[in-house]
There are 2 protein chains.
Amino acid sequence: MKPISLKEIANITGASPTTVSLVLNGKGRISEAVRQKILQAVKDNGYEPNRIAISLRTGHSNVLGVIVDDIGGPFFGALAKIIEVEAEKFGFRIIYCSSENNLEKARELISMLSHQLVDGYIIMPVPGLQDEILNLKANHKPVVLIDGYYPELDIPHVLVDNLNSVMQGMSCLIEAGHRKIGFVTVDIDLIQIKERLRGYFESLKKFNLKADDKLVLKLPYQMDKGKAVQAVKDLFGSNRDMDAVFFSTNYLGIIGIESIQELGLSIPKDIAVICFDDLEIFRLLPPGISSIQQPVLEIGRTATDLLLAMLGKKKNHLQTDKITIPANLIIRGSIKAINVPKFVE
Amino acid sequence: MKPISLKEIANITGASPTTVSLVLNGKGRISEAVRQKILQAVKDNGYEPNRIAISLRTGHSNVLGVIVDDIGGPFFGALAKIIEVEAEKFGFRIIYCSSENNLEKARELISMLSHQLVDGYIIMPVPGLQDEILNLKANHKPVVLIDGYYPELDIPHVLVDNLNSVMQGMSCLIEAGHRKIGFVTVDIDLIQIKERLRGYFESLKKFNLKADDKLVLKLPYQMDKGKAVQAVKDLFGSNRDMDAVFFSTNYLGIIGIESIQELGLSIPKDIAVICFDDLEIFRLLPPGISSIQQPVLEIGRTATDLLLAMLGKKKNHLQTDKITIPANLIIRGSIKAINVPKFVE
DNA sequence: GGGGTAAATGAAACCGATATCACTTAAAGA
DNA sequence: TCTTTAAGTGATATCGGTTTCATTTACCCC
């Protein structure tokens, strides 16, 4: 019960494989009579071309590779859907992979994908992956980075405007009267994370508040959750006058909320909270956790369009291939104007 | 800068393509000298075989197709990871796809995957897909269903024990003293959903409580969220004496919580809540939403192992290929023993 | 009618691997 | 010494398409 091949269609119709191929691809000039006969035979026999054979011969697979840090994560869900929708319009399929922010794993994935003859890549940067990316570029394999980029490399990328989003959020806290603002982030060499921290310091400077390193907590990447919760609790413990806290990722936000719950603190009375990257839970959790919502759909769509343009499938309407997209600041109950004595400006 | 081919390795070493192939696959008997020379050339030139060519020739791709309802959903995240881990041990790659519980889409996906020469399938059943599944079976393509199955078909499947899990949860509510228990579910022709509803009625029968259809709400599949929230609010409105509610999916649980929040009801004082399928949010949301946690990892691992066994890659230690796995009942603050007068048994 | 041209089609090479089968040695057995 | 036999290797077909190039046919024009 093997599927029928093009050659068999040729035999059935009395045409040559060449002719059948030409008809199927709408190329060449084939008489209407022959065309119809072939098309009919194709239909009657439920013939569909073998993609593998096509890939082997043509050297391209109509498959895009997408490498994200965590295929189970909340960022990925929305992303996958929009990438798929955009790519499908041009007949592209997607292979998704998780790098888990692990360099070795990411390397293997790229190697694996390239031997599957993947036509293009959407990659979430992993520290140290620069050489592999350059290698892809050298081999004329189009790559678009999302969610981050390598400052030293000239590779197209699409990501949220981390710096300004954080500054917006910080403004909001400061204008609500908060002065002792903590910042919890993760210690990983990713530009997007560094930019968020920079946004924190820039905001303090902008409002003439002095930075205090004791208010900044950098947790090791992939730290055990229990330990992370404890570390955040310690941050609160050693900074009793801290009146607001900024979490630089949604994962950290969850950890932070657990810490706050365990300490029995009340949001926003004891502490105001804002978190980078929204989650459904932030909306549902009383009093609502304010957040900076990433425009995931737009990032995904833009990245895919960019990639398709590089593949020559689509015209590129954008002037640049290094794109930052503004985020949405979502203010919920976790930030409330506090009583600020008038003399404190 | 095309990647180097096996033939070129043959030229470099002066061996024939056959010999190189045999060495690479550890087949045949090749003298150690030749073997080493070939291996060295492979290493020096960074040769890696072209998977596409291998697939074409051998007829299998070492790729598994996984079709779930929603690739962005919470069930999928954990599932994907474990499937990947298990499959990788045997050199299999995965292609993930979303059916969105849409029959037409699911059909296309199967067609697409089969033309990519996918070796085996893990599929979350979609109503009406029976013929396509049977067709795969007829073509000797192994299929394992997860999270549900088709009662009329003899196809291997792995899923949680829906009936008994619900009955456990119900027992817990009833033993806590609840008598007027609502059940919110979705109107879709999936065995797992029907079994949950059956579990509800069976429990009532078991405890000699009379069933009341007014306490059961079946929402249309993929109903607009706002409307769904309203429908649940209406359920509460027209059943003032309802003292507990069971949500048959985590998605419905979220909707239910929003309804309860909007109505200003207090959990568990006004209403006890339990939900099928755990979410992180249920743990964090005060007072903690009780839930029935699916053993996702075990389902994923079992399904993959079953599939690999069918592919002859692994011995099957299980006696059957129709497997149900017990769930974990997680009791949180959303259920509390209420004051039951002694004379009510 | 011969020559030129374009339309319509086919033969065969090719993509990069594997599989079959044949061939060459060298060692073992008669 | 002459087979036998097995080890070691290579030539070639093959998977299912696409692509290049050649060929046939029909038509047109001088």
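Here the structure is a predicted model, which means the values were calculated and not measured. A note on names: the letters A, B, ... follow the listed sequences, proteins ahead of strands, and every chain is numbered from 1.
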Donor-acceptor pairs under 3.5 Å, side chain of residues 142-152 of chain B to any protein atom, not counting sequence neighbours: which ones?
{"from": "B:Tyr150", "atom 1": "OH", "to": "B:Val126", "atom 2": "N", "distance (Å)": "3.0"}
{"from": "B:Tyr150", "atom 1": "OH", "to": "B:Val126", "atom 2": "O", "distance (Å)": "2.7"}
{"from": "B:Glu152", "atom 1": "OE2", "to": "B:Gln130", "atom 2": "NE2", "distance (Å)": "2.7"}

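Dashed line: the shortest gap from a side-chain N or O of B:Ser21 to OP1 or OP2 of C:dA17 is not under 4.0 Å.
Contacts between residues 27-38 of chain A and DNA chain D, defined by a heavy-atom separation under 4.0 Å, are made by A:Lys27. A heavy atom closer than 4.0 Å to some atom of DNA chain C occurs in A:Leu56, A:Arg57, these being the qualifying members of residues 39-62 of chain A.
Counting heavy atoms from C-beta outward, B:Leu56 and B:Ile52 have side chains that stay 4.5 Å or more apart. Side-chain contact between A:Ile82 and A:Thr304 is absent, with no heavy-atom pair separated by less than 4.5 Å. Looking at heavy atoms from C-beta onward, A:Ile325 lies out of side-chain contact with A:Gln294 at the 4.5 angstrom threshold. No side-chain heavy atom of B:Val63 sits less than 4.5 Å from a side-chain heavy atom of A:Ile95. In this structure, the side chains of A:Ile4 and A:Ile12 come closer than 4.5 Å at one or more pairs of heavy atoms. The closest side-chain heavy-atom distance from A:Leu306 to A:Ile323 is below 4.5 Å.
Partners of B:Tyr96 under the ring pair (Phe, Tyr, Trp, His ring centres under 6.0 Å) rule, at least two apart in sequence or in another chain, are B:Phe76. Shown here are the salt bridge (Lys or Arg N to Asp or Glu O under 4.0 Å) partners of B:Glu100, two or more places apart in sequence or in another chain: B:Lys105. Checked against salt bridge (Lys or Arg N to Asp or Glu O under 4.0 Å), B:Glu8 has no partners two or more places apart in sequence or in another chain. Under the side chain to side chain donor-acceptor pair (under 3.5 Å) criterion, B:Gln116 pairs with no residue at all, not counting sequence neighbours.
From the 5' end on, the contacts that DNA chain D makes with chain B at under 4.0 Å to a non-hydrogen atom open and close at D:dA7 to D:dG16.
Of the inter-residue distances, the one linking B:Leu113 atom CG with B:Tyr121 atom OH reads 5.5 Å to the nearest 0.5 angstrom.
Within the structure, the salt bridge (Lys or Arg N to Asp or Glu O under 4.0 Å) test picks out the following pairs touching residues 33-42 of chain A (sequence neighbours left out): A:Glu32-A:Arg35. Listed by first and then second residue, the side chain to side chain donor-acceptor pair (under 3.5 Å) pairs that reach into residues 46-57 of chain B are A:Ser111-B:Glu48, sequence neighbours excluded.
Axis angle between the ends of the helix from C:dG1-D:dC30 to C:dA30-D:dT1, five pairs each and rounded to 10 degrees, works out to 60°.
In this structure, A:Arg107 pairs ionically with A:Glu104, as a charged nitrogen and a carboxylate oxygen lie closer than 4.0 Å.
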Under 3.5 Å, N/O pairs linking protein and nucleotides 20-23 of chain C:
none

